[in-house]
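Here's the structure we're looking at; comments come further down.
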Amino acid sequence: MPISTAAAQPLPAVSAPQQAASSPLPATSAPQAVTVPVTPAYNAITVQLQPDAKPTSWFDPTILGPLVSAIAILATYIGTQRNTNNQIRAAQKNIDLQMENTRKQAVLDRTSKARAEILGEFIDDFKRTAKLIGDLPNKPELDGSNIEELLAMNATVNKLWLWAEVDTVHHVRELQADLNELFFDAMLERRPVLTMYPLIAKAREKVADTEDKFKHTTYANATGRKAAEEVILAASLELANIRQEDTRRRGVYLEFIGARQSALMDRMNMLMKMARAELHVEGDTTKLDVQTEEIKKRVQAAIKRVQDAINPRMISTTVAKNSGNSSMDE
């Protein structure tokens, strides 16, 4: 242990008790030696010792107090840091969720827009193809290859494959197949009508040639005007009969189309329902279903009226109507 040593200091001399000056020496005594006290010379050494160290403990207030304060500060920091991290993670999660929702909404909007456009294209293609099928008897030059309407509809169906729901795509492809089948069946069904084109052309040429001859005085004088009129009337009657047969055959074709149209309308009506569901268009379609059935009946009635109008007995009416004319209109 450390020792503190004080500087040695001389102690003050201890003086001997002095005798009183007035004290006489005894007369009879012999001379005696005088004793003089001598102050001893020495230095005093002071030693200062540290107190014994006390044993330390965690429960010592001098240690426990600061330690508790440090732990409290550390716990507060850790708690604050943890809350901050949780808030940051929650905020980031919320941002990520919002971004994901925004992305999904953008995809949904883009998908809905594409579906609406492509479904609209398909409906337009369907109408053009249906019109083409109905008009096939008037297109003798059409041979069934590279049909623009069919090609356009096929391309639209391929687009729907990418954007529409699977059930909708499946239904559209069934509808496309039905319409394609109808087209090729109609190509065969129209052949009786096509055979009438050369017959009509020949009969019209005969009427025109007869009328041209009737205009010349020489021919009229040679055959007689009445005979010439009879020749023209016979040619006109032949043309009328051929045209009447052409009309009848077109009626048969129209009946064929009408019989297949009902199923197509049912499929199209179902497609419209599915399209409304995909595009999230609300509303009860029961009224539209009833209307579809009414439209089908009206179409069938219109076809029946056309068929009733196409009657072989009209030949005599047509001939009587044109017997007074000098020419036949196309």
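These values consider heavy atoms only, across backbone and side chains, with no hydrogens, waters or symmetry-generated copies.
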Are Arg248 and Val252 side-chain neighbours, meaning at least one heavy-atom pair lies under 4.5 Å? yes
As a quick check of understanding, evaluate salt bridge (charged side-chain N to carboxylate O under 4.0 Å, His left out) for Lys113 and Asp109, giving each step before the final call. CA-CA 6 Å; Lys113 181 179 179 181; Asp109 292 342; over 6 Å; no
If we ignore angles and hydrogens, is there a donor and acceptor under 3.5 Å between the side chains of Asp266 and Asn269? no
Nearest heavy-atom neighbours spanning Leu194 and Pro137: CD2-O, 4.2 Å
Donor-acceptor contact present, side-chain Arg190 to main-chain Leu136, <3.5 Å: yes
Would you say the side-chain atoms of Arg115 and Thr168 include a donor-acceptor pair closer than 3.5 Å? no
Have Glu245 and Asn241 got a donor and an acceptor in their side chains that come within less than 3.5 Å? no
Closest heavy-atom pair and its distance - Thr210, Ala235: OG1-CB, 4.3 Å
Between the main-chain N or O of Ala186 and the side-chain N or O of Arg191, is there a donor-acceptor pair closer than 3.5 Å? no
Verdict with supporting geometry, Glu294 and Lys297, salt bridge (charged side-chain N to carboxylate O under 4.0 Å, His left out): CA-CA 5 Å; Glu294 292 177 353; Lys297 293 178 181 178; over 6 Å; no
Could you go step by step and tell me if Asp185 and Arg260 meet the salt bridge (charged side-chain N to carboxylate O under 4.0 Å, His left out) rule? CA-CA 10 Å; Asp185 290 344; Arg260 301 281 288 271; 3.2 Å; yes
Taking the side chain from Arg243 and the backbone from Ile200, do they hold a donor-acceptor pair closer than 3.5 Å? no
Check whether any side-chain heavy atom of Glu165 lies under 4.5 Å from a side-chain heavy atom of Val169, and answer yes or no. no
So how far is it from Leu279 CG to Thr111 OG1, rounded to the nearest 0.5 Å? 11.0 Å
Okay, side chain of Arg267, backbone of Leu175: is any donor-acceptor separation there less than 3.5 Å? no
Under 3.5 Å, which donor-acceptor pairs link side chains of residues 152-163 to any protein atom two or more places apart or in another chain?
unit_1 : atom_1 : unit_2 : atom_2 : d
Asn154 : OD1    : Gln176 : NE2    : 2.2
Asn154 : ND2    : Leu150 : O      : 3.2
Thr156 : OG1    : Asp125 : OD2    : 2.4
Thr156 : OG1    : Ala152 : O      : 3.0
Asn158 : ND2    : Asn154 : O      : 3.3
Lys159 : NZ     : Glu121 : OE1    : 3.3

